Amino acid sequence: MKIFNKDREGAAELVAVIGLIGNDISFDKWEPLLPLGLRDLAAIVGIEPVKGICELYEHSDMPDAHEARMVELAQQAVAMFTWLKVIPTLDAQHGDTGRGRRLGENEKGLTALQEFKDEENIRHLAYEAVDALIEEMETARFKPWLSSRKCRLRDGLLVRSKEEFDDYYVIGSHRLFVTLLPMMREVQGATIAPVLGSWLGKLLSCSDVVVELETMRDMAARVLVLLTMQKAVERLPVEVLPEGIVQVQQSQPVKSRLKAEQEARKAVAASLAADANRYLTTLQGMVADLEGGDTATTPHITGPIDHGRGMSF
C-alpha cells in the first residue's frame, strides 16, 4: 500500500498535509516509517478502507471531491502518526560513539514538558484527521468502508451511529464510536439481551412507531451507551478518549498525574455505572409490565449526558 510519493513528490506532499514543518524535510528519512503510520490508521478504521484509499491515490487520475478529500485526510492521519515516530529520533544525532543532541550557540532545546505537549498535540491532530476521514467515508458511502469488518460491527446493535450515541452521551467523535463498537457488542450481548429476551429482536426490527417499544428501545439504548462508556473509561488509554471524558492536568509530576488519572477514571466509571444500573432497573420493570400484559409506564428520561470539561483532578 502506498499513499505518498506517487510522482516522487513525497516531501512536498508531507509538507502540504501537515502544514507545520519546513520545506527542507528529507523524505528518505520518513519513507521507511510511513507503512507503520498506515498500520496505525488501519488499526482504527480497518484494512479494507485503507487499501481502497491507497488504490484511489495510486490509480485514480480524476478523483471526485469526496475521493480527493478521503485521500487527503488519510495522508494527514498517516503523516501525523508517522511524525510521532520520526520526531524523537530526528531530535538526536547518531554517531559511532552513540547518540547526542547538539544545539547551535543561540539555540535552546524544549523542556520535557514542552516536548510532551507537542507530541500530545500531534497525536490529537492525527485522531482529528481519522475522525474527519470516517465522517467523509460515511458521507460518500465509500464501499470499502461500508463492507469492512469494522463498519459491520454496527449490525444488530441498538445504537448504530455516532449521532445516535450522542443522543445519550456526547462523545462527538466518529473515531471513538468505531473504537467502542466491540465493547457495545459485549454490553448488549451480556447485559441487555438477557433482560430484553425476545423483545430485543422486536426492537431491532420494529419500523412502526409503538409508544411502548419506542420507550423501551430508548431506555435500552441509554443503558447500552452508559455501560459502554464505563468500560471505555476503565479500559482505554486516556489519550484515546476525547478531552472532557477524563481530564487530568498535565503540568503535574508524572507520578502525581498518573495517580490523578487513576482516581479520575474510578470516579467517572462509578458515576456511569450508577446511572446505568438505575436505568437498567427501570428497563427490567418495563419488560415485566409488557410481558404481564399491563399498561407500561412511561418513565422520565433525561436528555443527552454532556459532561463538558469532564472531571479535573
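Quick caveat, the model's predicted, so the values are computed rather than measured. Index from 1, following the sequence.
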**Report entry** cation_pi(R222, Y168) dist<6.0 Å, angle<=45
**Finding:** no
Is there side-chain contact between [X] and [Y], with at least one heavy-atom pair below 4.5 Å?
X    : Y    : answer
L272 : Y169 : yes
L36  : T82  : no
M229 : L180 : yes
M1   : P35  : no
S161 : E164 : yes
I171 : D166 : yes
I53  : F142 : yes
F81  : I44  : yes

Within a 6.0 Å radius of atom [atom1] on [X], are there more than 12 heavy atoms belonging to other residues, nucleotides or ligands?
X    : atom1 : value
R235 : CZ    : yes
K6   : NZ    : yes
K51  : NZ    : no

**Report entry** Electrostatic pair E186:K231 at N-O distance under 4.0 angstrom
**Finding:** yes
Query raised in the report: Are R152 and D155 close enough for a salt bridge, meaning some N to O gap below 4.0 Å?
Result: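 Answer for the salt bridge query: no.
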Spatial distance of atom [atom1] ([X]) from atom [atom2] ([Y]) [nearest 0.5 Å]:
X    : Y    : atom1 : atom2 : value
E128 : L133 : CD    : CG    : 12.5 Å
K202 : L200 : NZ    : CG    : 11.5 Å
M286 : D218 : CE    : CG    : 8.5 Å
I3   : L56  : CD1   : CG    : 9.5 Å
R123 : D118 : CZ    : CG    : 11.0 Å
W83  : I122 : CH2   : CD1   : 4.5 Å

Tell me whether [X] contacts the main-chain N or O of [Y] through its side chain, where contact means a donor paired with an acceptor under 3.5 Å.
X    : Y    : answer
K162 : V178 : no
R154 : C151 : yes
S271 : A267 : no
K2   : E58  : no
Q188 : L158 : yes
R175 : V240 : yes

Query - Listed once per pair and sorted, the salt bridge (Lys or Arg N to Asp or Glu O under 4.0 Å) pairs that draw on residues 65-82, sequence neighbours left out - result: R69-E72
Query raised in the report: Does the pair L176 and F165 meet the rule for a side chain to side chain contact (heavy atoms under 4.5 Å, CB included), with working shown?
Result: CA-CA 11 Å; L176 181 58; F165 200 101; over 6 Å; no
Query raised in the report: Looking at S147, S148, C54, which one forms a side-chain contact (heavy atoms from CB on, under 4.5 Å) with P49?
Result: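 Running side-chain contact (heavy atoms from CB on, under 4.5 Å) over S147, S148, C54 with P49 returns exactly one hit, S148.
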If I compare all heavy atoms of [X] with all of [Y], which pair ends up nearest, and what's the gap?
X    : Y    : value
G46  : V50  : O-CG2, 3.4 Å
A126 : A77  : O-CB, 4.1 Å
L213 : L203 : O-CD2, 3.4 Å
V17  : A79  : CG2-CB, 4.0 Å
I25  : W30  : CD1-NE1, 4.3 Å
Q230 : A269 : CG-O, 3.7 Å

Query raised in the report: Does one side chain, of H174 or E138, offer a donor that lies under 3.5 Å from an acceptor on the other?
Result: no
Requested in this report: For M70 and L73, run side chain to side chain contact (heavy atoms under 4.5 Å, CB included): C-alpha distance rounded to whole Å, both residues' side-chain angles, the deciding distance at 0.1 Å, then the answer.
Outcome: CA-CA 5 Å; M70 284 188 291; L73 290 169; 6.0 Å; no
Report task. Please lay out, stage by stage, how F4 and E9 fare under the test side chain to side chain contact (heavy atoms under 4.5 Å, CB included). Result -> CA-CA 8 Å; F4 281 102; E9 296 291 336; over 6 Å; no
Requested in this report: Take M219 and M216, measure what side chain to side chain contact (heavy atoms under 4.5 Å, CB included) needs, and give me the verdict at the end.
Outcome: CA-CA 5 Å; M219 185 63 67; M216 181 188 291; 5.8 Å; no
Report task. Could you go through the side-chain hydrogen bond (donor to acceptor under 3.5 Å, both in side chains) check for E13 and Y57 one step at a time? Result -> CA-CA 12 Å; E13 290 176 318; Y57 171 76; 2.8 Å; yes
